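Below: the structure, in structure tokens.
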Amino acid sequence: MRLRPPRQDDAVALAPLAAELGYAVSDAALASRLTALAGSEDDIVLIEEDEAGELLGFIHGQRRRGLLGDERAEIVALVVAAGARRRGSGRRLVDAVAGWAAEGGLGEIRVRTNVRRDDAAAFYAALGFAESKRQRVFERPARGATAPDPDER
């Protein structure tokens, strides 16, 4: 097993991995995002591949700064291929982000997971993460579309 930074041509293999967890993203969108993240000091993206070069999983860690809290690292994406789960890939990827965070002077790592993903919650708990809160996520377009009137729902 080997951890490495992604290459542009990895987007073709990363898209189906993301889809396994319900994240529909095109190869082109992933390639564009990999380009945007390349060289960022606030992001780390790593891929684990086996000896034959098959992609087993990937992780994206990000430095987060906030007005109301200390800087921390956040795992914003972690996907391990269904056939590679429970073989240590996820742990190795998380450990790599933890090392990156420590080297960057970040004392804490945060990860968010859907409340319906009990297997993910158990995985993170086994790695020493403790649940700190539950929340709701709201989204809306940034511009161009108006949000519906909440009283009309």
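From a predicted model like this one, the values you see are computed outputs, not experimental measurements.
Cluster annotation: Ile109 is connected to Val94 through the hydrophobic network of ILVMFWY side chains, with a link wherever side-chain heavy atoms come within less than 4.5 Å. The same ILVMFWY cluster, assembled from side-chain heavy atoms under 4.5 Å apart, contains both Val80 and Tyr124. Taking hydrophobic clusters as Ile, Leu, Val, Met, Phe, Trp and Tyr residues chained together by side-chain heavy-atom distances below 4.5 Å, Tyr23 shares a cluster with Leu37. Linking ILVMFWY residues whenever their side-chain heavy atoms come closer than 4.5 Å, directly or via other members, places Leu93 and Val97 in the same cluster. At a threshold of 4.5 Å between side-chain heavy atoms, the hydrophobic network of Ile, Leu, Val, Met, Phe, Trp and Tyr places Val115 and Val76 in two separate groups.
Here the straight-line distance linking atom CG of Leu17 with atom CG of Leu30 works out to 10.0 Å at 0.5 Å rounding. Atom-to-atom distance recorded for Phe129:CZ and Ile75:CD1 is 4.0 Å, nearest 0.5 angstrom. Distance check: Leu46 CG to Trp100 CH2 gives 10.0 Å after rounding to the nearest 0.5 Å. Here Arg2 contributes atom CZ and Arg92 contributes atom CZ; the two are 13.5 Å apart, rounded to the nearest 0.5 Å. Annotation: the span from Arg86 atom CZ to Asp119 atom CG amounts to 7.0 Å, rounded to 0.5 Å. Distance check, rounded to the nearest 0.5 Å: CD1 of Ile44 to CD1 of Ile59 gives 8.5 Å.
When side chains are defined from C-beta on, Asp70 does not count as touching Glu108, because their heavy atoms never get closer than 4.5 Å. Two residues are said to be in side-chain contact when any heavy atoms from C-beta on lie closer than 4.5 Å; Phe123 and Thr113 fail this criterion. Looking at Glu48 and Leu55, their side chains never come closer than 4.5 Å, going by heavy atoms from C-beta outward.
The main-chain N or O of Leu21 is found under 3.5 Å from a side-chain atom of Arg117 such that the two form a donor-acceptor pair.
When all heavy atoms of Ala73 and Ala101 are compared, the pair lying nearest together is CB-CB, 3.7 Å. Pairing each heavy atom of Ala84 with each of Ser89, the nearest pair is O-OG, 4.3 Å. Shortest non-hydrogen contact noted between Ala18 and Val25 is CB-CG1, 4.0 Å. Heavy atoms only, all atoms of each residue included: Ala31 and Ala11 are closest at N-CB, 3.6 Å.
Under 4.0 Å is where a charged nitrogen must lie from a carboxylate oxygen, and between Glu41 and Arg63 no such pair does.
Evaluation of the side chain to side chain donor-acceptor pair (under 3.5 Å) test over residues 10-21, restricted to residues two or more places apart or in two chains, returns Arg4-Asp10, Glu20-Arg85.
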Can Val111 and Leu78 be said to form a side chain to side chain contact (heavy atoms under 4.5 Å, CB included), step by step?
-> CA-CA 9 Å; Val111 63; Leu78 172 61; over 6 Å; no
Worked check of side chain to side chain contact (heavy atoms under 4.5 Å, CB included) between Leu34 and Leu14 | CA-CA 11 Å; Leu34 287 173; Leu14 294 178; 4.1 Å; yes
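When each of Gln62, Arg64, Arg65 is paired with Asp42, the side-chain hydrogen bond (donor to acceptor under 3.5 Å, both in side chains) condition holds for Arg65 and for no other. With respect to Glu74, the side-chain hydrogen bond (donor to acceptor under 3.5 Å, both in side chains) criterion is satisfied by exactly one of Arg110, His60, Arg112: Arg112.
Evaluation of the side-chain hydrogen bond (donor to acceptor under 3.5 Å, both in side chains) rule for Arg91 yields no partner, not counting sequence neighbours.
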